[in-house]
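We name chains A, B, ... by the order of the sequence lines, and we start the count at 1 in each one.
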Number of protein chains: 2
Amino acid sequence: MEQAGEELMERRSGVALWRQVADRIRLGISNGTLGDGSKLPPEITLSQQFGVNRHTVRAAISALVQEGVLRAEQGRGTFIESRKRLSYPITTRTRFSTGLKDQTRARRVALLRHTIEPASGRVAEALRLEPGAPVLRLETVSEADGRCVSCGTSWFDATRFPAFADVFAETESVTASFARFGVDDYVRRSTLVSARHADADDLDHLKLSPGAIVLVTIAINDDLEGRPIQFSQTHFSADLVELAIET
Amino acid sequence: MEQAGEELMERRSGVALWRQVADRIRLGISNGTLGDGSKLPPEITLSQQFGVNRHTVRAAISALVQEGVLRAEQGRGTFIESRKRLSYPITTRTRFSTGLKDQTRARRVALLRHTIEPASGRVAEALRLEPGAPVLRLETVSEADGRCVSCGTSWFDATRFPAFADVFAETESVTASFARFGVDDYVRRSTLVSARHADADDLDHLKLSPGAIVLVTIAINDDLEGRPIQFSQTHFSADLVELAIET
DNA sequence: AAGGATTTGTACGTATGTATG
DNA sequence: ACATACATACGTACAAATCCT
């Protein structure tokens, strides 16, 4: 079998070869075409398959180990640390959404930062406020079973919900915080879903390696009178999460 | 203003600085935080903003010009050749979904392949058939304004919908084809959304370059009696499409 | 129990690409 | 266009852990 490698990698693309190899390995894992599902082929085999040096494969594997996707054991092989993707429900009635409750043991939401700022055009439009009106901006990271699954920024009308950040820090839940302000129920008005490469902030917050993908949701929640109360942009680690649309 | 750059670029990440800058410019364009929407700030300003050398910004811009995202004019500036992302609606009532109709001039769906095959476990479960029952598998690519936006595979009960493929080839529409079989309306029962790197087939069908991202939807449609009639997996080019969830 | 085969980990040297000034 | 510094990619060799006969 003198079958030379496939030469599918791009050499002067601004993306290092080892990163491209890492992406291919991630892909091979997610669609099950690489290895037997639990163990990766040896480095030599991979390097021939991808037409690169073994060191390049090693750099790729090392990044994926760092990320928790793989586990390497000297003399034995490289193994896939697979966990099922968490299914994050997107429902109309946010209140009745159990979120990830049933699928994880430990779920935590950390409050990264909160500031009062004047509403930018986009935020003002979403919350139906005057541009420049004071809004609370709340940045959070949520993790499940010790893995960072999403990071997000939300904006609230600072006049209607004073000291919302303190309440949130205590309850660790937007729903519970709204309840303190007399908003017992609210609905998801609109949701946009897109996907892109993780940016520097995502890499930091979600502990990803470059080239990783995030699912981006941009959503507006209304109270039951139809007034917008929350505008949010959330980035989910695409390797860990899928969105379940419940229509 | 001695405000030094933000140092947000990562230096040892396997992604060349100029490519990271290119990605940030693309992001800045898509959310409108860069320039005035049609013209980019001068290279010097950008290099200060990103904390990199002007040469690096120039490399980034040159790549984006190559890609058709920007247009540089000597002495005048760098301009944005942007098209908005297509917004693909995900609604309960598929029938009333206008799809991309309002957003594009020319929308075409090409039938790539169709075969009758025994239902695999996953397909059988989704369509509530016996495993091995004959199902029609239909592979399509759809393009809008000359750009390939999605490719997908759908499965239908071959017994209930004989010669569905021929009808589809004629009508180029699943909804219209169902109507020929007396199914005038149907609903989207469940939709899973995830994201991953494009695989070899995606690159081929959607004319993407390696490293590109696809949004993956896995959906089941029911007729009005609640019987599943279509199981589909669709890959959208994430650079061109966002999904608008209408709950 | 011993030894060879397999597989991951480490070290060096060289050439090319990338980023800055 | 040039010079410098660092990152990336390849090649080779060998060490360390594990597996199999």
Asker: When you check the gap from the basic side-chain N to the acidic O, do A:E67 and A:K207 get nearer than 4.0 Å?
Answerer: no
Asker: Are the side chain of B:R85 and the backbone N or O of B:A238 linked by a donor-acceptor pair below 3.5 Å?
Answerer: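 At least one qualifying donor-acceptor pair exists.
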Asker: Of the options D:dC10, C:dT8, C:dA19, whose atoms approach the side-chain atoms of A:L17 most closely?
Answerer: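 Of all the options, the side chain of A:L17 is nearest to D:dC10.
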Asker: Check the phosphate of D:dA9 against A:N53, side-chain N and O only, distance under 4.0 Å to OP1 or OP2. Yes or no?
Answerer: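 No.
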Asker: Heavy-atom distance under 4.5 Å between the side chains of A:R26 and B:H197, does that happen here?
Answerer: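 Side chain of A:R26 against side chain of B:H197, heavy atoms only: contact under 4.5 Å found.
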Asker: At under 4.0 Å between heavy atoms, how does the protein contact nucleotides 15-21 of chain D? Give one character per nucleotide, 5' to 3', with B, S or -.
Answerer: -BBSS--
Asker: For D:dT18, give the paired nucleotide (Watson-Crick: N1-N3 plus N6-O4 or O6-N4; G-U: N1-O2 and O6-N3; both under 3.5 Å), or none.
Answerer: C:dA5
Asker: Does C:dT8 have its OP1 or OP2 closer than 4.0 Å to a side-chain nitrogen or oxygen of A:R58?
Answerer: no
Asker: Take the protein atom CD1 of A:I44 and the nucleotide atom P of D:dC10, then report the distance between them rounded to whole Å.
Answerer: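 Going from A:I44 (CD1) to D:dC10 (P), I get 13 Å.
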Asker: Rounding to a whole Å, what distance do you find between A:Q20:CD and D:dT8:C1'?
Answerer: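 Nearest whole value for this atom pair: 12 Å.
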Asker: Return yes if the base of C:dG9 and the side-chain atoms of A:R54 contain a donor-acceptor N/O pair under 3.5 Å, otherwise no.
Answerer: yes
Asker: Write down the distance between CD (A:Q48) and P (C:dT7), rounded to a whole number of angstrom.
Answerer: 11 Å
Asker: Whole Å only: how far is the CG atom of A:L46 from the C1' atom of C:dT8?
Answerer: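 A:L46 atom CG is separated from C:dT8 atom C1' by 12 Å.
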Asker: Given atom CZ of B:R19 and atom C1' of D:dA7, what is their separation to the nearest angstrom?
Answerer: 17 Å
Asker: Could you tell me whether the side chain of A:Q20 and the main chain of A:V15 form a donor-acceptor pair under 3.5 Å?
Answerer: yes
Asker: Look at atom CD of B:E81 and say whether more than 12 heavy atoms of other residues, nucleotides or ligands are closer to it than 6.0 Å.
Answerer: yes
Asker: Would you say a side-chain N or O of A:T78 is under 4.0 Å from OP1 or OP2 of C:dT8?
Answerer: yes
Asker: Starting at the 5' end of DNA chain D, which residue's closest nucleotide do you reach first, A:H55 or A:A16?
Answerer: A:A16
Asker: Considering all heavy atoms of both residues, which atom of B:A198 and which atom of B:L208 are nearest to each other, and what is their separation?
Answerer: CB-CD1, 4.2 Å
Asker: Any heavy-atom pair between the side chains of A:L40 and A:I80 that's under 4.5 Å?
Answerer: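 Heavy-atom side-chain distance check passes, below 4.5 Å.
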